[in-house]
Visitor: 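If you scroll down you'll find the structure; I have some questions about it.
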Amino acid sequence: MAYSARIGPSILSSDLSCLGSECVRMMECGADYLHLDVMDGHFVPNITFGHPMVECLRKCLGQEPFFDMHMMVSRPEQWVKPMAAAGANQYTFHLEATSNPAALIKDIKESGMKAGLAIKPGTTVEELAPWANQIDMALVMTVEPGFGGQKFMEDMMPKVMWLRNQFPSLDIEVDGGVGPDTIHCCAEAGANMIVSGSAVIGSDDPRSVIAHLRSVVAEAIQKRSLDR
Ligand SMILES: O=C(CO)[C@@H](O)[C@H](O)COP(=O)(O)O
Ligand SMILES: [Fe+2]
């Protein structure tokens with residue numbers, strides 16, 4: 001089984017005036033990677049930041065942290081090269097935002113990044129399937145993209161289960177409303193990359209929350225490998 005349990009805090013939930021130190025704090029609390037939400041005010045009704053901020057974070061944090069870019073933007077094609085140059089490691093675009101996923105995946109990989117493919121709650125997992133063998137990660141959104149702090153949509157779990165059954169070694173990420181109350185069903189469904197914003201960053205003890213989320217997912221992975 002190629003995949004492992006990894007926890008990526010969504011720094012959208014942090015004090016954005018201290019983004020660099022908040023990222024450092026999350027890494028010191030045991031985060032496996034950082035999930036950076038890019039919103040353009042067009043694909044989603046909110047605006048965050050772009051590649052200049054990513055470049056600053058990379059300079060501030062050094063080479064080690066893995067930057068998982070969640071690109072909630074229209075025309076994701078236009079930011080591939082700037083994001084690669086800024087120091088992004090994985091470029092996750094939305095299937096709903098492009099008419100040519102194959103070309104975009106190729107461009108992302110040729111730019112030296114991993115390719116992630118995200119689907120909104122209204123998009124079926126069968127629509128993602130044709131590209132599953134070309135991508136590094138599938139992201140199943142468990143809220144409507146645009147804002148942190150929303151309620152987890154448990155009815156997205158069949159999508160995760162279907163993907164895990166069809167693509168046993170694919171990295172599968174869940175994003176939106178995930179925390180100690182909702183991690184068990186994500187882990188049992190087969191997700192292994194866990195984005196958590198408010199539950200981790202809003203906690204008095206983020207280190208414990210990250211460790212707990214990872215142990216629930218690691219246990220489910222181990223159980224699945226024994227059942228095979
Ligand atoms: O992409 C998004 C929202 O669009 C997420 O990454 C959220 O920022 C996660 O925050 P919580 O729902 O965990 O608070
Ligand atoms: Fe996200």
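Remember, it's 1-based here, ligands and their atoms both numbered in the order they're listed. The analysis underlying the following values was restricted to heavy atoms, covering all of them including side chains, and did not include hydrogens, waters or symmetry mates.
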Visitor: So, T124 and E127: side-chain donor and acceptor under 3.5 Å apart, yes or no?
Guide: yes
Visitor: Do side-chain atoms of K109 reach the backbone of Q134 as a donor and acceptor pair under 3.5 angstrom?
Guide: yes
Visitor: Would you mind running through ligand 1 and noting each atom that sits below 4.0 Å from a heavy atom of M39?
Guide: 4 (O)
Visitor: Look only at interatomic distance and state if G146 has a nitrogen or oxygen under 3.5 Å from any nitrogen or oxygen of ligand 1.
Guide: yes
Visitor: Checking contacts here: is it the side chain or the backbone of S10 that comes within 4.0 Å of ligand 1, counting heavy atoms only? Could be both or neither.
Guide: side chain
Visitor: Decide whether an N or O pair under 3.5 Å exists between D175 and ligand 1.
Guide: yes
Visitor: Suppose I only count heavy atoms of G177 and a 4.0 Å limit; which atoms of ligand 1 are within that range?
Guide: 11 (P), 12 (O), 13 (O)
Visitor: Could you tell me which non-hydrogen atom of R214 sits nearest to which non-hydrogen atom of G30, and how far apart they are?
Guide: NH1-O, 3.0 Å
Visitor: Below 30° counts as parallel, above 60° as perpendicular, anything between as tilted: where do the rings of F43 and H94 land?
Guide: tilted
Visitor: Under the salt bridge (charged side-chain N to carboxylate O under 4.0 Å, His left out) rule, collect the residues that match up with R6, sequence neighbours excluded.
Guide: D171
Visitor: Does G176 have a non-hydrogen atom less than 4.0 Å from ligand 1?
Guide: yes
Visitor: Check ligand 1 against H35 and write out every atom of the ligand that is under 4.0 Å from a heavy-atom position of the residue.
Guide: 6 (O)
Visitor: Please work out whether the ring planes of H35 and H70 are parallel, tilted or perpendicular, with thresholds of 30° and 60°.
Guide: tilted
Visitor: Apply salt bridge (Lys or Arg N to Asp or Glu O under 4.0 Å) to residues D68 and K114 and explain how you reach the verdict.
Guide: CA-CA 9 Å; D68 170 33; K114 290 189 165 190; over 6 Å; no
Visitor: Do any protein N, O or S atoms sit under 2.8 Å from the Fe ion (ligand 2), and which ones are they?
Guide: H35 NE2, D37 OD1, H70 ND1, D175 OD2
